[in-house]
Amino acid sequence: MTSGTAPIGIDDIELATSHHVVKLDDFAEANGTDPAKFHLGLGQDEFSFPAPDEDVVTMAAAAAAPIIARSGTEGIRTLLFATESGIDQSKAAGMAVHSLLELPSQMRVVEVKEACYSATAALQAAVGIITRSPGQRVLVIASDVARYELDTPGEPTQGAGAVAMLVSANPKLLEIEPVSGLNSADVDDFWRPNDSTTAIVDGALSVTAYLDALTGAWTDLAAQGGPEMAEIDRVLYHQPFTKMAKKAQVHLAGLTGEDLDTEIVAGGSGAAGTDVSNVAAAGPRDTGLATSTLYNRRLGNSYTASLYAGLCSLLDHDEDLAGKRIGLFSYGSGSVGEFFTARVVPGYEQHSRRQAVTEALDARVPLSIDEYRALHAAELSSAEDVSTPKVTAGPFRFAGIKGRARLYERA
Ligand code: COA
């Protein structure tokens, strides 16, 4: 932030995911596809898949609960819920989170939408609120279930996850800097009509639209007086699949003329962990591409949460971030791109989530491909009252539908 004002940014962050996982080795075998296409071609090893009693609300509440347990609700007067996969056309999904977490009544609760970008809009709005009222804190939650139709190219890039962030003055993790590069363009690369539970996507167009938005946002960052590439130590990207971050990095290297690392971790059934040992120690500048993609290649796409899951991965696997500047590129189809920067606060490493996230990823219950396809096809209509089976091992559950309203409870 500018001198004379307290820095504002991310004080606490947590990642949650779903009960189930689909292994892309199983998916490849069932589809007769070479597994290397997923591990190397897309940079994905697995994807999270929700149980029948999970959705964006239960994952969001699970992500936010430890933050509230640690720091209470004092000064939290705003909850911004960013999602592409909202559960209602009118009521904010955050209302159910507000209820599950027993947050104070004296709050505003709002849902924010623009495909995978909206969490960044929420984060910037949070910074704005705290700039005006430095004593306040804002709870920003990004939560999504990425769903494509069965037997389409997008299917192996599905996933599910939520990232909750507490935004405050004098944050413990990340100080967000004031300059942003922005780019908006009306493009039909990915969208989800009101009557569809799966996204419609023009995959090839979505890749070029993403890179065009990166060009526009980077160019605008420079025009707004933002830092040059040489002044940025690490770069994080929205990761619909981790190979997309590599494509973006190659593109940014071309835009800036810098020799940047372009290796993501070579995956496979045995590599679905946190091993970065196959990344060359010498060579192009290491901007964290390998370390920031470790969680996402196991989560799959988590739309709005994906960039911030990448942030968790970087913070949890890079021990040399104190005082370093990170560039973050957020992209949402449709489309909006934003490139902004932040400084890592010394002491960040004391708040590592690595063990908890790794345990949560390891604890997911694998689905056979038949089980996964049956769950994918099962869609609830709001027209009938229904109770969902108790499956999730998470702290909150979607209990069912009554009188066309969705019901949630502590598990
Ligand atoms: N071994 C290693 N790599 C392989 C392979 C194999 N056996 N078979 C294919 N590949 C590589 C391809 O060369 C290609 O690499 P490249 O992107 O570097 O050219 C990659 O795997 C993808 O394969 P391809 O056949 O080109 O595409 P696809 O039909 O699988 O579709 C997407 C890929 C991303 C378009 C599709 O997954 C999609 O629509 N995803 C959802 C939309 C999305 O996430 N968009 C991103 C921007 S928001």
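FYI, the numbering just counts along the sequence from 1. In each ligand, atom 1 is the first atom listed, and ligand 1 is the first ligand listed. Scope of the values below: all heavy atoms of this structure, side chains included, with no hydrogens, waters or symmetry mates.
Arg192 contributes no side-chain N or O that, together with a main-chain N or O of Arg147, makes up a donor-acceptor pair within less than 3.5 Å.
Closest non-hydrogen pair, Ile130 versus Ala169, comes out as CG2-N, 3.8 Å. Residues Ala322 and Pro346 share a closest heavy-atom pair of CB-CA, 3.9 Å. In terms of heavy-atom proximity, Pro52 sits nearest to Leu375 at CG-CD2, 3.7 Å.
The ring pair (Phe, Tyr, Trp, His ring centres under 6.0 Å) check on Tyr408 picks up Phe398, with sequence neighbours excluded.
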Check ligand 1 against the protein and report each N/O to N/O distance under 3.5 Å, formatted as atom name, atom name, distance.
residue: ligand 1; atom: 7 (N); partner: Asp34; partner atom: OD2; Å: 3.0
residue: ligand 1; atom: 15 (O); partner: Lys243; partner atom: NZ; Å: 3.4
residue: ligand 1; atom: 17 (O); partner: Lys247; partner atom: NZ; Å: 2.5
residue: ligand 1; atom: 18 (O); partner: Lys243; partner atom: NZ; Å: 2.8
residue: ligand 1; atom: 18 (O); partner: Lys247; partner atom: NZ; Å: 3.4
residue: ligand 1; atom: 25 (O); partner: Lys37; partner atom: NZ; Å: 3.4
residue: ligand 1; atom: 30 (O); partner: Lys37; partner atom: NZ; Å: 2.6
residue: ligand 1; atom: 37 (O); partner: Pro153; partner atom: O; Å: 2.9
residue: ligand 1; atom: 45 (N); partner: Ser206; partner atom: OG; Å: 2.7

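Between Asp11 and Lys172 there is a salt bridge, since a side-chain N of the basic residue sits under 4.0 Å from a carboxylate O of the acidic one.
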